[in-house]
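Computed from a predicted structure; not experimentally measured. Just so you know, these numbers use all the heavy atoms, side chains as well, and skip hydrogens, waters and symmetry mates.
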Amino acid sequence: MAKSLNLSPSPSTPTLSLSSSSKYSTLLKTPTTLSFPLSRHHSHSHSLTVRSSSSSATTTATPTSTTSSNQFRVDILSESLPYIQKFRGKTVVVKYGGAAMKQPELKASVVSDLVLLSCVGLRPVLVHGGGPEINHWLKLLNIEPLFHEGLRVTDAKTMEIVSMVLVGKVNKDLVSLINKAGATAVGLSGMDGRLLMAKPTPNSAKLGFVGEVARVDPTILQPLVNNGHIPVIASVAADELGQSYNINADTVAGEVAAALGAEKLILLTDVAGILENKDDPGSLVREIDIKGVKKLIEEKKVGGGMIPKVNCCVASLSQGVRTASIIDGRVQHSLLHEIMSEEGIGTMITG
């Protein structure tokens, strides 16, 4: 598979472009982009871009010389070493959803990132929802999706569809893709091994079987994570009486991260991160602490659907998670951007 490596700095600096083969070609079947900014705080830092331009297994190298191509690749791997050392053996919980779940090339990107991170010694855990897929199946069954204040109204019939789609289809599709890419994934829901215990939301009269996390028992997860498997968790759970509930995947990811003592929580979203000015894409907040993000909420600079995500991050940080990041899942290989660089790609919240 032919790939192009581009060192892409800020517009004020020159660009170096060359092509190189990659041993990861089997993981990157679709056009892909990898970017590694080298500094979270420096505005003129370089980034590495890897583009996959063909699904062919044949690799080609067209730099000025094979030697310079190999040296460039070695240099990039060498620069990744501090980040691999920093996170090796550490648990990273990723919430997967949005555009990254809907577009095949982005889905392939997330899968290959997870496999690569697992191969270099990190312990990724994937938590997912599946709103678009649920809507699709509801419409096929002539059930109109209903929402209240951004949350799905879930009656008994809808809850049955939610469980079937999330646990029986979306979860197993993801497990299959990860296994095919070379790692070992294990599909779970909150009901398996009493991983999650649910309780109804205070607004259950209007929302139906929409739940919150009452508690997490990570007993079933620890052996999987310790043995290098990738748990893939569907965000449904049951209460003490066995009633199933649909739970927000961001919330589940945050609570699972806290229960595992994760090094990092990452929420894949359809926005660049937290913007200081919601109308200015260039106002991305790269790094902020809990106090700062609460101030942004008070000043109404953070609102709408971003508030639950921010609150989820704050809750996980308050329970011992080291850092939480809200990143743009519409960017290919955004997970590697965030973990394997100092600058990252979205907003990192620290405790």
Side-chain angles (χ1 to χ4, degrees), residues 1 3 5 22-37 47-52 55 73 76-77 79-128 170 173-186 225 228-233 249 253 257 262-270 272-273 323-346 348:
M1 171 173 55
K3 295 185 179 179
L5 293 174
S22 169
K23 68 179 181 178
Y24 297 115
S25 59
T26 57
L27 297 181
L28 303 172
K29 300 292 186 183
T30 57
T32 56
T33 300
L34 283 172
S35 176
F36 295 86
S47 63
L48 166 68
T49 301
V50 181
R51 300 184 189 279
S52 166
S55 60
R73 187 163 62 251
I76 294 302
L77 291 173
E79 289 170 1
S80 300
L81 179 60
Y83 306 106
I84 294 173
Q85 290 175 321
K86 176 181 177 180
F87 287 102
R88 183 174 176 82
K90 302 292 179 61
T91 300
V92 176
V93 177
V94 178
K95 183 268 179 173
Y96 174 53
M101 181 172 280
K102 292 181 283 186
Q103 299 181 25
E105 65 274 15
L106 293 178
K107 181 180 289 188
S109 163
V110 171
V111 168
S112 63
D113 285 2
L114 288 169
V115 173
L116 178 56
L117 293 174
S118 179
C119 285
V120 298
L122 279 73
R123 298 177 172 183
V125 176
L126 189 67
V127 177
H128 69 87
V170 176
D173 285 349
L174 288 170
V175 168
S176 178
L177 287 171
I178 294 170
N179 289 342
K180 182 180 178 181
T184 303
V186 178
V225 171
H229 301 327
I230 301 177
V232 181
I233 304 169
E263 178 74 14
K264 193 170 186 65
L265 167 68
I266 300 177
L267 306 183
L268 288 171
T269 68
D270 287 346
T323 64
S325 294
I326 300 172
I327 69 173
D328 196 342
R330 300 169 300 178
V331 176
Q332 290 194 11
H333 298 290
S334 54
L335 286 178
L336 294 187
H337 275 273
E338 180 61 26
I339 293 174
M340 296 295 186
S341 69
E342 184 65 24
E343 183 179 77
I345 192 174
M348 184 173 76

Apply side chain to side chain contact (heavy atoms under 4.5 Å, CB included) to residues Leu336 and Leu117 and explain how you reach the verdict. CA-CA 8 Å; Leu336 294 187; Leu117 293 174; 3.7 Å; yes
Locate the shortest heavy-atom distance separating [X] from [Y]; write the atom from each residue and the value.
X: Ala181; Y: Val111; value: CB-CG1, 3.8 Å
X: Ile339; Y: Tyr83; value: O-CB, 3.7 Å
X: Val175; Y: Ala185; value: CG1-O, 3.7 Å
X: Ala100; Y: Val110; value: CB-CG2, 4.1 Å
X: Gly346; Y: Glu338; value: N-OE1, 3.5 Å
X: Leu268; Y: Gly329; value: CD2-CA, 3.9 Å

Can you list the residues that meet the side-chain hydrogen bond (donor to acceptor under 3.5 Å, both in side chains) rule with Thr323, with sequence neighbours excluded? Lys264
Under the side-chain hydrogen bond (donor to acceptor under 3.5 Å, both in side chains) test, residues paired with Arg88 that sit two or more places apart: none
From [X] atom [atom1] to [Y] atom [atom2], the distance as rounded to the nearest 0.5 Å:
X: Leu177; Y: Leu114; atom1: CG; atom2: CG; value: 11.0 Å
X: Ile345; Y: Ile326; atom1: CD1; atom2: CD1; value: 14.0 Å
X: Lys95; Y: Leu126; atom1: NZ; atom2: CG; value: 10.5 Å
X: Met348; Y: Ser325; atom1: CE; atom2: OG; value: 6.0 Å
X: Gln332; Y: Leu106; atom1: CD; atom2: CG; value: 5.5 Å

For the residue pair [X] and [Y], establish whether any side-chain heavy-atom pair is separated by less than 4.5 Å.
X: Asp328; Y: Ser334; result: no
X: Ile327; Y: His337; result: no
X: Phe87; Y: Met340; result: no

Taking only residues two or more places apart in sequence, or in another chain, which ones meet Asp270 in a side-chain contact (heavy atoms from CB on, under 4.5 Å)? Ala99, Arg330
